[in-house]
Amino acid sequence: MEKMKTFFIGIWIFFLGSVLSAQVPYDGLKAEMEGRWHDAAKVYEKVVSEDPARLDLTYRLNDIYAELKDYKRAESALKKALKHYPENATLYAKLSQVLVLQKQPKAALSAIKKAIALKPDNIEYLRTQASLANWNGDYPLAVRSYQQILDNTKDHQVLMQMALSNSWNGQLDIATQSFKEYLAAYPDEKKVYADYAKTEIWRGNYPEAEKILDAYVQRFGDDDTMRKIRADLYARAEWPDASHLLYAPLLEKNQDDYMLNYTKTLALFYDQRPIEAIESLEKVEELQPKSKDSMDLRKFVTTRYRSKVQGSGFYFQDIDNIKHAIASLYGTYYIDPHTSIYAGGEYDYLEASSSSAYINIDGTRSSAVTRGGIGVSHRFNQYLEADLLLGQEEGDDGSIPFGRAEARIDMHDKSTLFLNASHGYYMISPRSVSMGVERTHTGALLELRPTLSDTILIQGEYDMFSSDTNSRWSGLVAPRHAVVRRESWSMDLGVKAWLFGFDKNMDQGYYDPELFESYMGTVHANYRFSQDNELFIMGGAGVIRDDTMDAYRAGGNIDLIGTFGIYEDWQLQVRTGYMNNQLETWGGDYYDAYYLGLSILRRF
């Protein structure tokens, strides 16, 4: 039997030697067939050392070294061959493979680039280059490689790989379009739904992400992968209750899952449970301490609770030449994430032109108030936070106590109630200050978030004025709907109805119609330059009317807020706005005003 086996091996080797190469050494072929790789390598090494141009034996040596996992010798053999065949694309491709096995992604990418330079339309080389580009973080090169494959093969499977590369590169708008096209062609590819939904979440398009997850569930049924992504979606969309219900049972089964712990941290943060959120953050950092996502999450969770000093300036001027300027300085110290104390002061200055009806009662043009106070803010639990500021104001009419009380009640994922009350001088014109008009203000704002696309604001206010026993009421309803969610910018469109009125019409230095109405279409847009820098734009246009008018007139406003250094030690905020209402009051056919504001904040 042994002799017969040897006979057939000999015949097989003879056949291979005849077919593959008449010059391949018999001893090397025989050693290969018997699995004696070291012996085969010695035979071929001897021949190649005598004849370095033997490319066929170099290929065999490369395969043998790979079988033996001796990648350094494989690399050496290929590089020696390249000295004799510098224009051989196959050698560069094989060298790239060997370098991958040695975990040298940069060198491997460099080698495959040289192969492609020699054979630019080789699809397998392009696939290798795309894969290595992703490994090296060169996502634009990966996308170009996939695009070239797509152009040459019309292989739509490449769309998914392009989408992933664009997603990793932060090109989220392009990535989502590729995912969308891919799903249209391959609607039964389950994994694509997950990657598509995650990319929409990363660019803040929460409504679309929810639709993708719903489509998956409808087609395939729910599973842990989709529940995990949905939990992340609801955490980022500030629906912590819904997120808790999804991630908690999954986390019990896998306590070291990075994404689940990340989601838990976000959900606890938005659930107004800062101490628990920071504890959860430490687990995230333990799992991936050097991850950029972990470092960004720490900034996001802890920035709010850092002590700070903030200086601000504000300037306002309207058509009546009423000028209003405020300079303030406040410092805040966080005892812990639940409790902070703060103190500071303001200088509040008002000036009117000499011909204005709003100058002081003694005929002078300006009035000023200085105020200082100390406050405390405390979160009692995840549902209730309160803030109280008490101090003193010094004005033309003497010194009075001033104060402000605020409360935030987080009733549910989809509703938050804000309450506020304050007392102090009515800083609307020099005349109102010189007459000692004090205002006691109370207000409530209900924010509803019934869906991931919709927000509704409902506000009511009531003011009482001490010097003339006047009072003011105000009501506002402002629904808006998300219409654009992109990688760098987003936009909501809505409507706003705002009405207010005074009990009396008096000559006390302020605008006091019996009824004022404003009905406007609104836009809220946000442009993100980066994670730390953004521009917020709010605008409205519509009609307004007060009780002195016989018809509605056009009105509108725009406000811009630029914030730079959102999560950094230093933060700069610049604000500006303009309003124009076509009024037959206040001494002209229209009323317009503008303002500028500047704030510098230092965190510790």
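This one's a predicted model, so the numbers in the text were calculated from it and none came from an experiment.
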TODO: Apply side-chain contact (heavy atoms from CB on, under 4.5 Å) to the pair Ile537 and Tyr527, showing each step before the final yes or no.
DONE: CA-CA 8 Å; Ile537 304 169; Tyr527 184 83; over 6 Å; no

TODO: Check whether any side-chain N or O of Ser307 sits under 3.5 Å from a backbone N or O of Tyr334 as a donor-acceptor pair, and report yes or no.
DONE: yes

Open item on the list: Ignoring hydrogens and geometry beyond distance, is a side-chain donor-acceptor pair present between Glu200 and Asn205 at under 3.5 Å?
Closed with: yes

TODO: Measure the acute angle between the ring planes of Phe314 and His324, then classify it against the limits of 30° and 60° as parallel, tilted or perpendicular.
DONE: perpendicular

Task: Minimum-distance pair of heavy atoms, taken over all atoms of Ser466 and Val437 - done: OG-C, 4.4 Å

Task: Whether Ser432 side chain and Tyr426 backbone form a donor-acceptor pair below 3.5 Å - done: yes

Task: Test item: Arg431 and Ile322 side chains (from C-beta on) under 4.5 Å apart, heavy atoms - done: no

Open item on the list: Pairing donors with acceptors under 3.5 angstrom, does anything connect the side chains of Asp348 and Tyr425?
Closed with: no

Task: Main-chain N/O of Gly363 paired with Asn360 side-chain donor or acceptor, under 3.5 Å - done: no

Task: Contact list for residues 520-529, test salt bridge (Lys or Arg N to Asp or Glu O under 4.0 Å), sequence neighbours left out - done: none

TODO: Run the numbers on Tyr206 and Ile201 for side-chain contact (heavy atoms from CB on, under 4.5 Å), then give the verdict.
DONE: CA-CA 6 Å; Tyr206 305 136; Ile201 291 170; 4.2 Å; yes

- [ ] Evaluate the side chain to side chain donor-acceptor pair (under 3.5 Å) criterion for residues Asp559 and Tyr595: first the C-alpha distance (whole Å), next the side-chain angles of each, then the deciding distance (0.1 Å), finally the verdict.
- [x] CA-CA 9 Å; Asp559 299 272; Tyr595 73 86; 2.7 Å; yes

Task: Separation between OG of Ser167 and CD1 of Ile174, rounded to the nearest 0.5 Å - done: 11.5 Å

- [ ] Measure up the Tyr196 and Phe179 rings against each other and bin them: parallel (under 30°), tilted (30 to 60°), perpendicular (over 60°).
- [x] parallel

- [ ] Of all the heavy-atom pairs spanning Ala175 and Ala163, show the shortest one and how long it is.
- [x] CB-O, 3.2 Å

- [ ] Please round to the nearest 0.5 Å and tell me the distance separating atom CG of Asp463 and atom CZ of Arg439.
- [x] 4.5 Å

TODO: Can you see which heavy atom on Ala231 is nearest to which on Thr263, and at what distance?
DONE: O-CG2, 3.4 Å

TODO: Could you tell me how the ring of Phe536 sits relative to the ring of His524: parallel (under 30°), tilted (30 to 60°) or perpendicular (over 60°)?
DONE: tilted

TODO: Measure the CG-CD1 distance between Leu445 and Ile458 for me, rounded to the nearest 0.5 Å.
DONE: 9.0 Å

Task: Geometric class of the Tyr247/His244 ring pair [parallel <30°, tilted 30-60°, perpendicular >60°] - done: perpendicular

Task: Pairwise side-chain contact, Ile600 with Val309, heavy-atom cut-off 4.5 Å (strictly under) - done: no

Task: Glu181 vs Gln177, side-chain contact (heavy atoms from CB on, under 4.5 Å): CA-CA, chis, key distance, verdict - done: CA-CA 6 Å; Glu181 291 177 16; Gln177 185 59 35; 3.4 Å; yes

Task: Sole residue of Arg575, Gln571, Gln310 in side-chain hydrogen bond (donor to acceptor under 3.5 Å, both in side chains) with Ser599 - done: Gln310

Open item on the list: Does atom CD (Gln531) have a neighbourhood of more than 12 heavy atoms from anything else shown, all under 6.0 Å?
Closed with: yes

Task: No-hydrogen, no-angle side-chain donor-acceptor test under 3.5 Å, Asp546 and Thr548 - done: yes

Open item on the list: Looking at Asp241 and Lys414, is any side-chain nitrogen of the basic one under 4.0 Å from a carboxylate oxygen of the acidic one?
Closed with: no

Open item on the list: Between Asp214 and Arg230, does any NZ, NE, NH1 or NH2 come within less than 4.0 Å of an OD or OE carboxylate oxygen?
Closed with: yes

Task: Presence of salt bridge, Asp232 and Arg236, under 4.0 angstrom - done: yes

Between side-chain atoms of residues 417-424 and protein atoms elsewhere (two or more places apart, or another chain), which donor-acceptor pairs fall under 3.5 Å?
unit_1	atom_1	unit_2	atom_2	d
Asn420	OD1	His441	NE2	2.9
His423	ND1	Thr440	OG1	2.8
His423	NE2	Glu438	OE1	2.8

Open item on the list: Just verifying a value: how many Å separate Asp271 CG and Trp239 CH2, rounded to the nearest 0.5 Å?
Closed with: 14.5 Å

Task: Side chain Ser366, main chain Glu351, donor-acceptor under 3.5 Å - done: no

- [ ] Kindly check if the number of other-residue, nucleotide or ligand heavy atoms within 6.0 Å of CZ (Phe604) is above 12?
- [x] yes

TODO: Check side chain to side chain donor-acceptor pair (under 3.5 Å) between Tyr333 and all other residues, then give those that pass, not counting sequence neighbours.
DONE: none

Open item on the list: Tell me every residue that passes side chain to side chain donor-acceptor pair (under 3.5 Å) with Asp362, counting only those two or more places apart in sequence or in another chain.
Closed with: Thr364

TODO: Can you sort out the partners of Arg408 under side chain to side chain donor-acceptor pair (under 3.5 Å), two or more places apart, ordered by chain and number?
DONE: Asp410

Open item on the list: How close do Val376 and Tyr342 get, counting heavy atoms only, and between which atoms?
Closed with: N-CE2, 3.7 Å

Open item on the list: How long is the straight-line distance from CD of Glu534 back to CZ of Phe529, given to the nearest 0.5 Å?
Closed with: 9.5 Å

Task: Cation-pi geometry met for Arg472 and Phe465 (6.0 Å, 45°) - done: no

Task: From OG1 (Thr442) to OH (Tyr462), nearest 0.5 Å - done: 8.5 Å

TODO: Anything under 30° is parallel, anything over 60° is perpendicular, the rest tilted; go ahead and classify Tyr552 against Tyr519.
DONE: perpendicular

- [ ] Taking all non-hydrogen atoms of both residues into account, name the closest pair between Ser429 and Tyr358 and its distance.
- [x] CB-CB, 3.8 Å

Open item on the list: Checking Gln573 against Thr563: is there a side-chain donor and acceptor pair closer than 3.5 Å?
Closed with: yes

- [ ] Measure from the side-chain N and O atoms of Arg298 to the backbone N and O of Leu281, and report whether any donor-acceptor pair falls under 3.5 Å.
- [x] no

- [ ] Over all heavy atoms of both residues, which pair between Gly565 and Arg603 is shortest? Give the atoms and the distance, please.
- [x] O-NH1, 3.4 Å

Task: Listed partners of Arg485 passing side chain to side chain donor-acceptor pair (under 3.5 Å), at least two apart - done: Asp492

TODO: Go through Gln459 and Ser474 one step at a time and tell me if the side-chain contact (heavy atoms from CB on, under 4.5 Å) criterion holds.
DONE: CA-CA 8 Å; Gln459 185 180 48; Ser474 172; 5.5 Å; no

Task: Exam field: side chain Arg449 to backbone Thr455, donor-acceptor pair closer than 3.5 Å - done: no

